Number of protein chains: 2
Amino acid sequence: MDVMSSVVDPGAGAASERIAADLRARILMGEIAPGERIRQEEVAERLGASRIPVREALRMLSAEGLVELETNKGARVPRLDEREVEVLYRMRERIEPLALIESMPHLSESDLQRIEGIQEQIEQGVDVPTFLTLDREFHLATYAGCATDQLLASVTRLWNSTQHYRRAFMMINGPGRQWIVNAEHRLLLDALTRNDAEDAERYLVGHIRRTRMELTKHPEIFTP
Amino acid sequence: MDVMSSVVDPGAGAASERIAADLRARILMGEIAPGERIRQEEVAERLGASRIPVREALRMLSAEGLVELETNKGARVPRLDEREVEVLYRMRERIEPLALIESMPHLSESDLQRIEGIQEQIEQGVDVPTFLTLDREFHLATYAGCATDQLLASVTRLWNSTQHYRRAFMMINGPGRQWIVNAEHRLLLDALTRNDAEDAERYLVGHIRRTRMELTKHPEIFTP
DNA sequence: GGGCTTGTATCTGGATCCAATCTGTGGAAA
DNA sequence: TTTCCACAGATTGGATCCAGATACAAGCCC
């Protein structure tokens, strides 16, 4: 057996946080689809806890945009329509450049190397779920120098809320035109290395904007 | 004896929401200052409930940026430094124009009249707490046509988080230079009436930006 | 006297039980 | 056949009680 599970893993402090982590992963992986309901008792007995920490976890996830709560009606993963996702992307186009600008001055050399390492993994050709994870890691890594947690929280919320529709798009259209993403990532990374905030912002906005237009050209993603 | 506790007031659906509303009002009014701790039991017995709905309420307020929770250490109103507030204002400068653009096409004639009514109240000269409330109402009213709740939630979070420091500034500097705010509001309102999104965005950004620079020129606000 | 330890009070996190609300299914009437 | 209503199971919200963690203060050792 591996030792990992027996070690006093950091984060074992609160059961609600472990439950939140579990549900978060399942929603982001797509195991729980938009519109699907999450029953407290089911989660509680699956993870061997009572419903109290499950409720706390659901509140956390609600703050992260991963579930929506309705009084006396429970929790479900939000189902968004085309218009809402478009607005979320327009929010991304405005917020993420700010996060990048705030982060850039504090990015160390090793941070940049880590970002480049992620991009190299992406370029080796990966399947859709792995790409989604790595792409998220790539961008969030560029914001790692950002000190304000409200800014990071906003960015994370936007990524969370749009994750399912990015996956739906890639599952339908396949990983085609992947070279565009790689080019955009490389240009962004180069701008970061040159410490050129203007260019970095330009490439980032273009990247997000192009993705938005790609998604909104495929309304079939939003009608399941 | 007061009747309040016995009446079946509308909105009594969930105790946690009433508790959240109570705490929200107290924090926004400044009765609970940044850095101050909120003990669950104290709130529970003051409002005649158990600690469970209080915990739910604190989670809600955490999502709204009004309190911060630390595992096993409880809840407290976040204390922000000058740099964090500056970033929050830069977020406002980017997010609120988007909210305005999304809202404008759906603003009715009566919406605009309501906004103008709020501005007329402001111009009649009010004390600081009333101004803070009316100013908040004014701007949120201009975003009322916005359909995306995530966008409205983001805007609300930013207003919540900066509320205390806006008040601190006005309490120290008095309501001086109030004519500038009125001019900005009038120009914004006129642009809305003309349905001129570009001008509206311009005046809004200028309004927020000027406020940011005013606040960051008074570091004494952040050192209590 | 200063720093560390220890013990106790206080507070938060979680489990169990009860009340209130919702949901969905079946039947009765138009 | 369709629609409305009522009832029962399922599900969430809240109260009470217990366990674990934190914080503070008194006491001890150096």
Side-chain angles (χ1 to χ4, degrees), chain A residues 5-24 26-27 31-64 66-79, chain B residues 4-24 26-27 32-64 66-79:
Chain A
S5 51
S6 60
V7 203
V8 186
D9 66 300
S16 59
E17 285 166 20
R18 289 188 312 111
I19 296 173
D22 178 275
L23 286 174
R24 186 183 301 117
R26 294 185 51 175
I27 295 171
E31 290 178 34
I32 312 179
E36 195 166 336
R37 190 168 170 186
I38 300 177
R39 290 189 306 279
Q40 299 173 3
E41 181 118 20
E42 188 266 336
V43 176
E45 74 180 40
R46 187 168 53 79
L47 298 182
S50 92
R51 278 171 40 225
I52 297 286
V54 175
R55 278 157 67 175
E56 305 274 330
L58 290 174
R59 291 277 181 203
M60 296 184 208
L61 297 179
S62 168
E64 297 171 28
L66 287 172
V67 307
E68 58 189 0
L69 305 177
E70 207 171 350
T71 306
N72 284 328
K73 293 180 72 176
R76 60 180 64 239
V77 179
R79 185 201 302 273
Chain B
M4 310 217 302
S5 50
S6 58
V7 202
V8 187
D9 67 299
S16 58
E17 285 165 21
R18 290 189 310 112
I19 296 172
D22 178 275
L23 287 175
R24 184 182 303 116
R26 294 185 51 176
I27 295 171
I32 311 179
E36 194 167 336
R37 191 169 170 187
I38 300 177
R39 289 188 307 280
Q40 298 174 3
E41 182 118 19
E42 187 266 335
V43 177
E45 75 179 40
R46 186 167 55 78
L47 297 183
S50 91
R51 277 173 42 226
I52 297 286
V54 175
R55 278 157 68 176
E56 305 273 330
L58 289 174
R59 292 275 180 202
M60 296 183 207
L61 298 178
S62 169
E64 297 172 28
L66 287 173
V67 306
E68 59 189 359
L69 306 176
E70 206 171 351
T71 306
N72 285 328
K73 291 181 75 176
R76 60 181 62 240
V77 179
R79 185 202 303 272

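Residue numbers begin at 1 in each chain, while the letters A, B, ... track the order of the sequences. Fair warning: this is a prediction, and the values are worked out from it, not measured in the lab.
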To the nearest Å, give me how far apart [atom1] ([X]) and [atom2] ([N]) are.
X       : N      : atom1 : atom2 : result
A/Glu70 : D/dG13 : CD    : C1'   : 15 Å
B/Asn72 : D/dA21 : CG    : C1'   : 5 Å
B/Glu41 : C/dG13 : CD    : C1'   : 14 Å
A/Glu45 : C/dT16 : CD    : C1'   : 15 Å
B/Arg39 : C/dG13 : CZ    : C1'   : 18 Å
A/Met60 : C/dG14 : CE    : P     : 8 Å

Just how far is it from atom CG of B/Leu47 to atom CD of B/Glu42, taken to the nearest 0.5 Å?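 So the CG of B/Leu47 and the CD of B/Glu42 are separated by 8.5 Å.
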So, OP1 or OP2 of C/dG13: does either fall under 4.0 Å of a side-chain N or O from B/Lys73?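 For C/dG13, neither OP1 nor OP2 has a side-chain N or O of B/Lys73 closer than 4.0 Å.
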According to a strict under-4.0 Å criterion, is A/Ser16 in side-chain N/O contact with OP1 or OP2 of C/dG14?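 For C/dG14, OP1 or OP2 has a side-chain N or O of A/Ser16 closer than 4.0 Å.
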Answer whether the closest heavy-atom distance between the side chains of A/Val43 and A/Asp22 falls below 4.5 Å.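 Not touching, per the 4.5 Å side-chain cut-off.
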A side-chain contact here means heavy atoms from C-beta on lying under 4.5 Å apart; do A/Leu23 and A/Leu66 qualify?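 No, their side chains stay 4.5 Å or more apart.
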Results of side chain to side chain contact (heavy atoms under 4.5 Å, CB included) for A/Arg76 - residues two or more places apart only: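 If we apply the side chain to side chain contact (heavy atoms under 4.5 Å, CB included) test to A/Arg76, skipping adjacent residues, the hits are A/Arg37, A/Glu68.
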To the side chain of B/Gln40, which of C/dT12, D/dG14, C/dG14 is closest?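 Selected nucleotide (nearest to the side chain): C/dT12.
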In this structure, are over 12 heavy atoms from other groups packed under 6.0 Å from B/Glu41 atom CD?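 Counting other residues, nucleotides and ligands, CD of B/Glu41 stays at 12 neighbours or fewer.
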For B/Ile38, report the nucleic acid contact type (base, sugar-phosphate, nothing); a contact means any heavy atom under 4.0 Å.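 If one applies the 4.0 Å heavy-atom cut-off, B/Ile38 turns out to touch the sugar-phosphate alone, with no base involved.
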Report the residues that fulfil salt bridge (charged side-chain N to carboxylate O under 4.0 Å, His left out) with B/Arg39, sequence neighbours left out, ordered by chain and then residue number.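 B/Arg39 satisfies salt bridge (charged side-chain N to carboxylate O under 4.0 Å, His left out) with no other residue.
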What parts of residues 47-55 of chain A reach DNA chain C, counting only heavy atoms under 4.0 Å away?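 Under 4.0 Å from DNA chain C: A/Ala49, A/Ser50, A/Ile52, A/Pro53.
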